[in-house]
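The block underneath contains the structure these notes are about, expressed in structure tokens.
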Amino acid sequence: MAYWLMKSEPDEVSIDDVLAAPEQTVAWFGVRNYQARNFMRDGMRPGDLALFYHSSCAEPGIAGIVEICSGAYPDASQFDPASHYVDPKATQEQPRWISVDVRAVRKTALLSLKQLRTIPALDGMRLLAKGSRLSVMPVEPHEWRTIEALLEQ
DNA sequence: GCCAACGTTGGC
DNA sequence: GCCAACGTTGGC
């Protein structure tokens, strides 16, 4: 089983939105970066756990834990001309972008980016690297353990 | 709103 | 294949 971190703008989809969804499950769509896509497509398996990270907001940080609950499948929004995420180069035969479904495991008290930066054990964390912008990235098991111990319900 | 960092595009 | 121009991300 692998660990991940997934960023979402809470104005778009917050941890509360995932909790409020049917079966506490939403499709993770709109990833339009190849590295992030490849992590989802090649690395993620159902049962993997991910830190749910709120980005581009007043207080960025970890807001909950979700479980990957599907394999990769074509992201429908790439074919939708009305969608902000439409990709004219994607075809049904050759989709470019994929989704996975995620289920909320629990919401946590916000563990802010500011706090994360103060924790020595997380020094090498990809999220904290300078210029890191990936929206889907792996989390090392020791990083996961460190963070999980800090998360409150 | 600013801007650093990074990714993508496309001419050559 | 290079690289300039442009677009996006995301913290501040």
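Only this structure's heavy atoms are used, side chains among them; waters, hydrogens and symmetry mates stay out. The chains referred to below are lettered A, B, ... by the order of the sequence lines, with proteins before strands, and numbering in each begins at 1.
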Exercise. May I ask you to check whether A:Trp4 and A:Tyr53 place their ring centers less than 6.0 Å from one another?
Key: no

Practice problem: Return the 5'-most residue of the pair A:Lys89, A:Arg133 with respect to DNA chain B, ranking by each residue's nearest nucleotide. | Solution: A:Arg133

Self-check item: Atom pair distance, as rounded to whole Å: CG in A:Leu128 and P in B:dA4
Solution: 21 Å

Exercise. In whole angstrom, give the distance that lies between atom OH of A:Tyr85 and atom P of C:dT8.
Key: 12 Å

Quiz item: In whole Å, what is the span from the CE atom of A:Met137 to the P atom of C:dT9?
Solution: 14 Å

Quiz prompt | Distance in angstrom units between A:Gln35 CD and B:dC6 P, rounded | solution = 11 Å

Quiz item: Closest to the A:Arg96 side chain: B:dT9, C:dG10, B:dG7?
Solution: B:dT9

Quiz item: Does OP1 or OP2 of C:dG10 have a side-chain N or O of A:Lys7 closer than 4.0 Å?
Solution: yes

Practice problem: Using the side chain to side chain contact (heavy atoms under 4.5 Å, CB included) rule, take A:Ile147 and A:Tyr3 through it: C-alpha gap first, then chi angles, then the decisive distance, then the call. | Solution: CA-CA 12 Å; A:Ile147 289 169; A:Tyr3 297 112; over 6 Å; no

Quiz prompt | Length of the line joining A:His84:NE2 and C:dT9:C1', which is rounded to integer Å | solution = 12 Å

Quiz item: Nearest-Å distance, CG (A:Asp87) to C1' (B:dT9)?
Solution: 13 Å

Exercise. Give a yes or no on whether the ring-centroid distance for A:Trp97 and A:Tyr34 is below 6.0 angstrom.
Key: yes

Quiz item: With the threshold set at 4.0 Å, does a side-chain nitrogen-carboxylate oxygen contact exist between A:Asp75 and A:Arg32?
Solution: yes

Self-check item: A:Leu113 CG to C:dG10 P, straight-line distance once rounded to whole Å
Solution: 11 Å

Exercise. Check whether any side-chain nitrogen or oxygen of A:Tyr34 sits under 4.0 Å from OP1 or OP2 of B:dC6, and answer yes or no.
Key: no

Quiz item: CH2 of A:Trp97 versus C1' of C:dT8: gap in Å, rounded?
Solution: 13 Å

